[in-house]
There are 2 protein chains.
Amino acid sequence: MQSHTPSRTGRPRSAAADEAILEATRAALVDLGWSKLTLGDVATRAGVAKTTLYRRWAGKNELVVDAVAVLFDELELPDRGSLAADIEGVVLQFAAILDRPETKTALMAVVAESTRDAPLRERIRTSIVDRQKRLVLEGRARAERRGELPVPADPCVAAETADLIFDVAAGAVVHRTLVSAEPVDADWVRRFTALLLGGLAAASE
Amino acid sequence: MQSHTPSRTGRPRSAAADEAILEATRAALVDLGWSKLTLGDVATRAGVAKTTLYRRWAGKNELVVDAVAVLFDELELPDRGSLAADIEGVVLQFAAILDRPETKTALMAVVAESTRDAPLRERIRTSIVDRQKRLVLEGRARAERRGELPVPADPCVAAETADLIFDVAAGAVVHRTLVSAEPVDADWVRRFTALLLGGLAAASE
DNA sequence: CAGTTACGCTACGACCCGTAGCGAAAGCGC
DNA sequence: GCGCTTTCGCTACGGGTCGTAGCGTAACTG
């Protein structure tokens, strides 16, 4: 969120307004998409003055990041018994979130903006990307406990491998969904997982 | 381009103006980025009236796609002797194009817009994406001639595999560059290629 | 109650959009 | 050469969004 240090005195900021604004932002993203979304319209939908919106967020970019970030909270890594099943499960979850119209149009737009805005990039990293990356680390740790993956000797190499896996998995799903515009269905996920696990097995030999 | 059927009579459209506009668009992307780029500014930079710009392109999206598309013309697939070397070469080329400031800020922006604009998505596909995908098909055909990959029995499965490889490769490079904001250097490409080839080998067994 | 902060509302200049209208320029067929 | 057609540069315009300033009111604290 926007990390406003709450002062001890004075009228407190309405928490209900916060949620109403974020909800209105998601609704506006569904109806209008990124480019036609205006802050005035969001304020009207939320039943809030436009000035209130500007008091809490610096601009459209930051607002949309916060509005979309909560959708990634539902990402979990339930234990499905094997590394392959775990991967397939989390990839399907990620694809489902990315298939929503509000994330589809918003995510790549804010990433594009972040190429010229370092603070925005940091905000995206902490509130969205790191939540995804955590799943990769958890999945590997679980696979090591199962004995499906060897415990890495060099932790530095292990970190690089985790980053590689993350970029490959997240990138592939995003590219399939947004660029190729084809569905990430169970069949595709199965083939992708087979490719990924095969590559991991070959690399650790 | 914008596929304007040239009429036999009347004053012909200036081809020099076309190139000046696209060049000005790329320069404006470098200076201003996607969101702050305005068509009026592009027209001024190109030494062209704003109305001329609107006569040739429907809007900002289409213009930027055309301006960036030509940068992907330099993508080639020189024979480096092995499938691994071919992959590493083309991935490094793709990463180099994507590292330019004009493509970095523009590509994801137009992809984000294309989620709500089917004609734009088709334009991106034909003028940018298909040029990349072609390299995957050529690379595989070459590897089959070398005997590095088995000739697929089912052409339908082969097409699906090619699509998968394409989404994985392009997606990984894009994600690494734009989301993780870390360099696609020779070391990363080597590790990615090893992962991909290992997965391919495991899948064809 | 006084002090402080957030809120809703209005109004404002600045900017960009996309289009219309005009006269001039550059080709083609005769 | 002379019309015809299309594009060009230019100006001007209504409409929309931006981000901010100002002001009176509401909410909470000590």
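We name chains A, B, ... by the order of the sequence lines, and we start the count at 1 in each one.
In terms of the salt bridge (charged side-chain N to carboxylate O under 4.0 Å, His left out) criterion, K60(B) has no residue partners (sequence neighbours excluded). The salt bridge (charged side-chain N to carboxylate O under 4.0 Å, His left out) test applied to D117(A) returns no partner, not counting sequence neighbours.
Salt-bridge annotation for R123(B) and D66(B): present, with a side-chain N of the basic residue lying under 4.0 Å from a carboxylate O of the acidic one. A salt bridge links E19(B) with R26(B): the distance from a Lys NZ or Arg NE/NH1/NH2 to an Asp or Glu carboxylate oxygen falls below 4.0 Å. Salt bridge annotation for K36(A)-D31(A): absent, with no cationic side-chain nitrogen under 4.0 angstrom from a carboxylate oxygen.
Atom CZ of R13(B) and atom P of dG9(D) are 12 Å apart (whole Å). Look at CG on N61(B): it is 15 Å from C1' on dG18(C), rounded to the nearest Å. The distance from atom CG of L53(B) to atom C1' of dT19(C) is 14 Å, rounded to the nearest whole Å. Whole-Å rounding puts the W57(B) CH2 to dT19(C) C1' distance at 19 Å.
Between H175(B) and F166(A), the ring-plane angle classifies as perpendicular under the 30° and 60° cut-offs.
Among pairs with a residue in residues 96-105 of chain B, those fulfilling salt bridge (charged side-chain N to carboxylate O under 4.0 Å, His left out) read D99(B)-K104(B), R100(B)-E102(B), at least two apart in sequence or across chains.
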Using a 4.0 Å cut-off on protein heavy atoms (strictly under), produce a 5'-to-3' string for nucleotides 20-30 of chain D with B for base contact, S for backbone-only sugar-phosphate contact, and - for none.
BB----BBSS-
Distance-only check: which donor-acceptor pairs under 3.5 Å involve side-chain atoms of residues 76-83 of chain B, not counting sequence neighbours?
{"unit_1": "D79(B)", "atom_1": "OD1", "unit_2": "G81(B)", "atom_2": "N", "d": "2.9"}
{"unit_1": "D79(B)", "atom_1": "OD1", "unit_2": "R146(B)", "atom_2": "NH2", "d": "2.7"}
{"unit_1": "S82(B)", "atom_1": "OG", "unit_2": "A85(B)", "atom_2": "N", "d": "3.1"}

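Interface residues of residues 27-41 of chain A facing DNA chain C, ordered by number: none; criterion, heavy-atom separation under 4.0 Å.
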